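Right, one structure below, let's go through it.
Numbers restart at 1 for each chain; the letters A, B, ... are given by sequence-line order, proteins then strands. Model, not experiment: these values are computed from the prediction. Below, each value reflects all heavy atoms present in this structure, side chains not excepted, and no hydrogens, waters or symmetry copies.
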There are 2 protein chains.
Amino acid sequence: MSAQPGSGPQLSRGEFGLLLLGLLGRCEMYGYEIVAELRRSTEGAIDLPEGTVYPALRRLERDGLVGGHWVEMAGGAPRRRYYRLTQEGERALATGREDWLRFKSAADAVLGS
Amino acid sequence: MSAQPGSGPQLSRGEFGLLLLGLLGRCEMYGYEIVAELRRSTEGAIDLPEGTVYPALRRLERDGLVGGHWVEMAGGAPRRRYYRLTQEGERALATGREDWLRFKSAADAVLGS
DNA sequence: CCTCGTACCTAGAGTCTCTAGGTATGCCAC
DNA sequence: GTGGCATACCTAGAGACTCTAGGTACGAGG
């Protein structure tokens, strides 16, 4: 999703990963919450199914961009896996944001919006 | 790349196709030209290799969004395949633009940019 | 009971991007 | 005349991601 120093041409690869980093850059969250919050805060413009989000979170964790930990809930409620950004995740978010800004203006220019 | 009436949540699928439609919405172009023009006009922010662009153009043609025709060049220069938008391509571009605007503000909100 | 909500998970299909080549021609320099 | 570069097209295959369609488990409410 970045790591290439040069530029980040290919936003489309792992764009959703960047969105997750953006959310987690604000506060710790768990998967189910992320799905709902993304849908809510974007009024449905971004509506990722669970089958997209859970694997994406695992990839981010595998790549060391986020760290997750289980939290047992009281009263037999399902446990949650909370994720937060690692330092490397913070860096990836920063470069990802720059890539996004560049891509956004380029695409706007091409699309004439 | 759209066709679903509801909304177009998944921009990431076929985002580059939308960029090609955007370019072709301005004037007829051929593949090699598109690669160079995209690189030039976005100052390298979008730099798609030929191996991405040629198959993408064929998909757009297969899906009826663009129409292509060969033009023989004088003096033994390589022939070119020029593409232009079909009516269906115009419609797809219009919805694609709306989807892009929605996605863009949603992503901006999430990323805080 | 049966369904809904919470919260996690997976397998597999489908699709796209990119690398790394290949074809063919013409022009220029050495 | 040969090597390299530019124009223009193409493909196969690997790799990555998204999404569908399920599954697990528990508790609360009708």
Side-chain angles (χ1 to χ4, degrees), chain A residues 1-4 6-21 28-40 46-63 65 68-83 99 103, chain B residues 1-4 6-21 28-40 46-63 65 68-83 99 103:
Chain A
M1 177 166 9
S2 217
Q4 324 96 300
S7 64
Q10 275 33 314
L11 246 286
S12 79
R13 165 67 83 247
E15 181 139 340
F16 291 171
L18 178 58
L19 289 177
L20 299 187
L21 290 184
E28 214 173 75
M29 292 178 87
Y30 59 99
Y32 196 80
E33 185 185 14
I34 288 176
V35 172
E37 171 61 16
L38 218 39
R39 185 161 32 212
R40 193 198 60 75
I46 297 173
D47 186 1
L48 304 179
E50 297 180 19
T52 297
V53 170
Y54 287 118
L57 286 169
R58 299 211 147 272
R59 280 195 299 273
L60 292 175
E61 186 169 23
R62 180 199 63 192
D63 296 343
L65 303 183
H69 59 278
W70 289 107
V71 174
E72 299 296 332
M73 306 306 289
R79 61 186 187 161
R80 302 170 177 171
R81 188 162 180 85
Y82 276 91
Y83 293 94
D99 291 348
F103 178 80
Chain B
M1 178 167 5
S2 216
Q4 326 95 297
S7 64
Q10 274 34 312
L11 246 286
S12 79
R13 165 69 82 247
E15 180 139 338
F16 291 170
L18 178 58
L19 290 177
L20 298 187
L21 291 184
E28 215 173 73
M29 291 179 88
Y30 58 98
Y32 197 80
E33 185 185 15
I34 288 176
V35 172
E37 171 62 15
L38 216 38
R39 186 159 32 213
R40 193 198 60 74
I46 298 173
D47 185 3
L48 302 180
E50 297 180 19
T52 297
V53 170
Y54 287 118
L57 286 169
R58 297 210 147 271
R59 280 196 298 275
L60 292 175
E61 187 169 23
R62 180 200 61 193
D63 296 343
L65 303 183
H69 59 279
W70 289 107
V71 175
E72 299 295 332
M73 305 306 289
R79 61 185 189 166
R80 303 171 178 170
R81 188 162 180 85
Y82 276 91
Y83 292 94
D99 291 347
F103 177 80

Does D:dG15 have its OP1 or OP2 closer than 4.0 Å to a side-chain nitrogen or oxygen of A:Arg59? no
To the nearest angstrom, the CE-P distance between B:Met29 and D:dC9 comes to 11 Å
Partners of A:Glu28 by side chain to side chain contact (heavy atoms under 4.5 Å, CB included), sequence neighbours excluded? A:His69, A:Tyr82, A:Arg84
Side chain of B:Tyr30 - closest among D:dA8, C:dC8, D:dT18: D:dA8
Tell me whether the side-chain N/O atoms of B:Arg58 come closer than 4.0 Å to OP1 or OP2 in C:dC16. no
Would you tell me if any nitrogen or oxygen in the side chain of B:Tyr32 comes within less than 4.0 Å of OP1 or OP2 on D:dT7? yes
Phosphate OP1/OP2 of D:dC9: any B:Arg81 side-chain N/O under 4.0 Å: no
For the CG atom of A:Leu21 and the CG atom of A:Leu65, what is their distance to the nearest 0.5 Å? 6.0 Å
Side-chain N,O (A:Tyr54) to OP1/OP2 (C:dT10) below 4.0 Å: no
Would you compute the distance between atom OH of B:Tyr30 and atom CE of B:Met73 and round it to the nearest 0.5 angstrom? 7.0 Å
Applying ring pair (Phe, Tyr, Trp, His ring centres under 6.0 Å) to B:Tyr32 and not counting sequence neighbours gives none
By nearest nucleotide on DNA chain C, pick out whichever of A:Trp70 and B:Pro55 is the more 5' one. A:Trp70
Distance, rounded to the nearest Å, where B:Arg80 contributes CZ and D:dA8 contributes P: 4 Å
Roughly, in whole Å, what's the span from CG in B:Leu57 to C1' in D:dA8? 13 Å
Using a 4.0 Å heavy-atom cut-off to protein, can you give one letter per nucleotide of nucleotides 23-30 of chain D, 5' to 3': B if the base is in contact, S if only the sugar-phosphate is, - if neither? ----S---
Here the distance between atom C1' of D:dA8 and atom OH of B:Tyr83, to the nearest Å, is 12 Å
A:Glu33 CD to C:dG5 P, in whole Å, measures 18 Å
All N/O donor-acceptor pairs, side-chain side in residues 50-60 of chain B, below 3.5 Å, sequence neighbours left out:
none

Separation of C:dA24 atom C1' from B:Met73 atom CE, nearest Å, is 16 Å
Enumerate the salt bridge (Lys or Arg N to Asp or Glu O under 4.0 Å) contacts for residues 69-82 of chain A, please, sequence neighbours excluded, ordered by first and then second residue. A:Glu61-A:Arg81
By salt bridge (Lys or Arg N to Asp or Glu O under 4.0 Å), which residues pair with B:Arg62, not counting sequence neighbours? none
Which sits closer to the 5' end of DNA chain D, B:Gly31 or A:Gly51, going by the nucleotide each is nearest to? B:Gly31
Roughly, in whole Å, what's the span from CZ in B:Arg62 to C1' in C:dT15? 9 Å
If I take atom CG in residue A:Leu60 and atom P in nucleotide D:dC17, what distance separates them, rounded to the nearest angstrom? 9 Å
